[in-house]
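Data first, discussion second: the structure below is written as structure tokens.
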Amino acid sequence: MSNPQRSFFFNVDWITVFLYLALCTIGWLNIHSAAYNPKYPGLFNIATDYGKQFIYINIGIVLGIFILLLESRLITTLAPAFYGITTLLLLLVLVVGRNVGGNQAWISLGGGFRLQPSEFAKFSTCLMLARYLSGTNIKVTELKSFLVAAGIILFPMALIMLQPDAGSTLVFSCLIFVLYREGLSPYFLILEGLFITLFVLTIKLNNLTYIVGALIIIAAIIIFFAKRNRKLVSTIFIGLCITIAFVFSVKFLYNDVLKPHQKVRIDIVLGITSDLKGKGYNVNQSKIAIGSGKLWGKGYMQGTQTKYSFVPEQSTDFIFCTIGEEWGFAGSVVVLGLYLFLVLRIIRIAERQRSPFSRVYAYGAASVIFFHVVINIGMTIGIVPSIGIPLPFISYGGSSLISFTLLLFVLIKLDSNRMGIVYA
């Protein structure tokens with residue numbers, strides 16, 4: 001009988017590998033265009049961002065091959081160790097970290113290279129969550145199991161918020177989709193949507209009296225029609241108290257916790273204020289760049305917004321505006337199509353797993369990648385606040401590329417062994 005571990009190359013999902021390589025190549029070429037330096041025109045010059053990105057891509061490929069050579073059970077066994085290491089790094093960065101853009105999120109490695117622990121924390125949290133939820137007698141519908149799972153997610157979120165990096169913190173919230181897949185009631189998703197709506201209304205209306213009054217009236221009407229059902233009335237009353245507390249906490253968070261630049265970004269998206277020459281400059285220039293690309297784009301290396309550096313951070317957070325300007329609507333659709341195909345492919349991989357660990361991990365990977373794509377592209381076209389998270393496999397940055405490579409290739413490895421030993 002053949003050993004599945006020896007024939008892993010035959011079981012590798014090469015479609016997913018191809019999507020990975022395609023997105024990395026697209027990113028490398030667009031970084032070359034966005035960060036082009038006439039003194040160093042070559043794609044491979046390590047004095048440039050595009051030269052460094054080429055190094056990161058090769059490191060990622062070597063790392064991917066190494067992961068495919070590992071024993072699958074080792075990944076499960078080392079999940080707590082990975083989680084512990086990234087937790088220590090998140091604590092370390094608060095002490096020795098380098099402040100970049102107002103966030104103390106980087107550890108300097110020398111030679112112009114930096115490590116961002118929060119990027120790797122996303123990968124390790126997916127691993128740890130999969131390890132816990134695949135355990136014996138663990139049911140996310142039970143309060144104890146739910147609280148432990150929530151704790152695994154919330155702990156790194158709290159450490160990252162201390163940096164403070166609100167963008168990376170928000171990424172972890174997408175892991176609620178993993179809990180939903182494992183049996184969490186859909187009411188939690190509905191409640192999440194309602195709280196997001198309430199968050200927007202609280203900031204937009206800027207009047208707690210109107211909001212709290214409306215909530216009390218709605219609750220009173222429901223209670224009136226359900227007055228014979230004491231359990232329902234109690235639930236509504238508790239829900240009302242929680243909701244009112246949430247409204248006041250949003251106001252406190254907005255006024256006393258968020259930094260001024262973070263508040264301005266939210267205000268711009270919600271239409272409360274306009275600051276095209278200040279905090280809204282990046283997004284406005286990004287929208288101009290994407291719109292100027294029209295259907296087919298201006299051509300590779302021909303983008304005027306790109307060449308004259310109208311958009312700051314164009315090779316990192318705002319890399320998609322380079323694609324929109326030079327590749328146009330058609331090229332943007334191709335890139336979005338690749339991401340959609342990748343996420344759907346990961347979900348398909350998740351559903352064919354025999355191991356609960358692999359299934360949970362796969363949904364974690366899909367959630368993180370999907371969230372990054374939606375938020376990053378959303379902020380470049382001005383429909384979500386600019387929170388500074390990279391576009392997976394495309395944005396410049398070693399920490400981002402390598403962490404996403406880990407996230408994806410661990411899944412590919414687990415999937416390649418799906419017909420082998422089934423482990424929890």
Side-chain angles (χ1 to χ4, degrees), residues 63 67 74-94 103 105 107 115-135 138 140 145-182 184 188 192 343 346-347 350 353 355-376 387-390 392 397 399-414 424:
L63 181 62
I67 291 171
L74 186 63
I75 296 172
T76 316
T77 304
L78 292 178
F82 284 126
Y83 189 77
I85 290 170
T86 54
T87 298
L88 290 175
L89 289 173
L90 289 174
L91 291 170
L92 182 64
V93 78
L94 297 174
N103 299 329
I107 298 175
L115 177 72
Q116 188 176 9
S118 59
E119 291 295 326
F120 295 93
K122 301 165 191 175
F123 160 68
S124 66
T125 301
C126 288
L127 271 181
M128 190 62 197
L129 191 62
R131 170 67 182 268
Y132 175 71
L133 292 179
S134 61
I138 299 298
V140 76
S145 299
F146 172 76
L147 290 177
V148 174
I152 291 171
I153 299 170
L154 291 173
F155 186 56
M157 289 180 70
L159 294 177
I160 294 169
M161 196 61 195
L162 292 175
Q163 296 177 2
D165 185 354
S168 294
T169 302
L170 287 174
V171 173
F172 290 81
S173 65
C174 70
L175 294 177
I176 191 173
F177 291 109
V178 179
L179 304 183
Y180 172 67
R181 172 60 182 83
E182 292 306 301
L184 190 68
F188 279 89
E192 186 176 20
V343 171
I346 293 174
I347 292 174
Q353 298 307 304
S355 160
F357 176 89
S358 301
R359 182 186 66 248
V360 174
Y361 177 80
Y363 270 99
S367 299
V368 170
I369 292 172
F370 177 77
F371 186 91
H372 266 266
V373 172
V374 170
I375 299 301
N376 180 276
I387 60 175
I389 63 173
S399 293
S400 170
L401 180 62
I402 293 174
S403 65
F404 276 113
T405 299
L406 281 169
L407 188 71
L408 191 61
F409 272 86
V410 164
L411 172 62
I412 294 171
K413 174 58 187 176
L414 293 172

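We number each residue from 1, following the sequence as shown.
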key: Shortest non-hydrogen separation from M128 to P80 and the atoms involved   = SD-CA, 3.7 Å
task = Indicate the atoms forming the closest heavy-atom contact of Q163 with L90, along with that distance.
result = NE2-CD2, 3.8 Å
request  = With the side chain counted from C-beta on, respond yes when C126 and V368 share a heavy-atom pair under 4.5 Å apart, and no when they do not.
outcome  = yes
query = Do the side chain of R131 and the main chain of T76 share a donor and acceptor less than 3.5 angstrom apart?
reply = yes
Residues 401-410, side-chain donor-acceptor partners within the protein, below 3.5 Å, at least two apart:
from : atom 1 : to   : atom 2 : distance (Å)
S403 : OG     : S399 : O      : 2.9
S403 : OG     : S400 : O      : 2.9
T405 : OG1    : Y20  : OH     : 2.9
T405 : OG1    : L401 : O      : 2.7

message = When you compare the side chain of V178 with that of L184, does any pair of heavy atoms fall below 4.5 Å?
response = no
Minimal non-hydrogen separation, Y83 against G151, with atom names = OH-O, 4.2 Å
query = Which atoms form the tightest heavy-atom contact between H372 and P390, and what is the distance?
reply = ND1-O, 3.0 Å
task = Provide the closest heavy-atom pair for A79 versus L127 in the form atom of the first, atom of the second, distance.
result = CB-O, 3.9 Å
request  = State whether the side chain of T125 and the backbone N or O of K122 hold a donor-acceptor pair below 3.5 Å, judged by distance alone.
outcome  = no
task = Compare all side-chain heavy atoms of Y361 with those of I75 and state whether any distance is below 4.5 angstrom.
result = no
task = Could you tell me whether Y132 atom OH has more than 12 heavy atoms of other residues or ligands within 6.0 Å of it?
result = yes
query = Checking side chain to side chain contact (heavy atoms under 4.5 Å, CB included) for the pair L154/M157: CA distance, chi angles, key distance, verdict?
reply = CA-CA 5 Å; L154 291 173; M157 289 180 70; 3.9 Å; yes
ask   = Does some side-chain heavy atom of I346 sit less than 4.5 Å from a side-chain heavy atom of F370?
value = no
request  = May I ask you to test the F371-L170 pair for a side-chain heavy-atom distance under 4.5 Å?
outcome  = yes
query = Between T86 and F123, does a side chain to side chain contact (heavy atoms under 4.5 Å, CB included) hold up when you go through it step by step?
reply = CA-CA 9 Å; T86 54; F123 160 68; over 6 Å; no
message = Tell me the closest heavy-atom pair linking S358 and L414, and the distance in Å.
response = OG-CB, 3.7 Å
message = Quick check for you: to the nearest 0.5 Å, what is the distance between I153 atom CD1 and L175 atom CG?
response = 5.0 Å
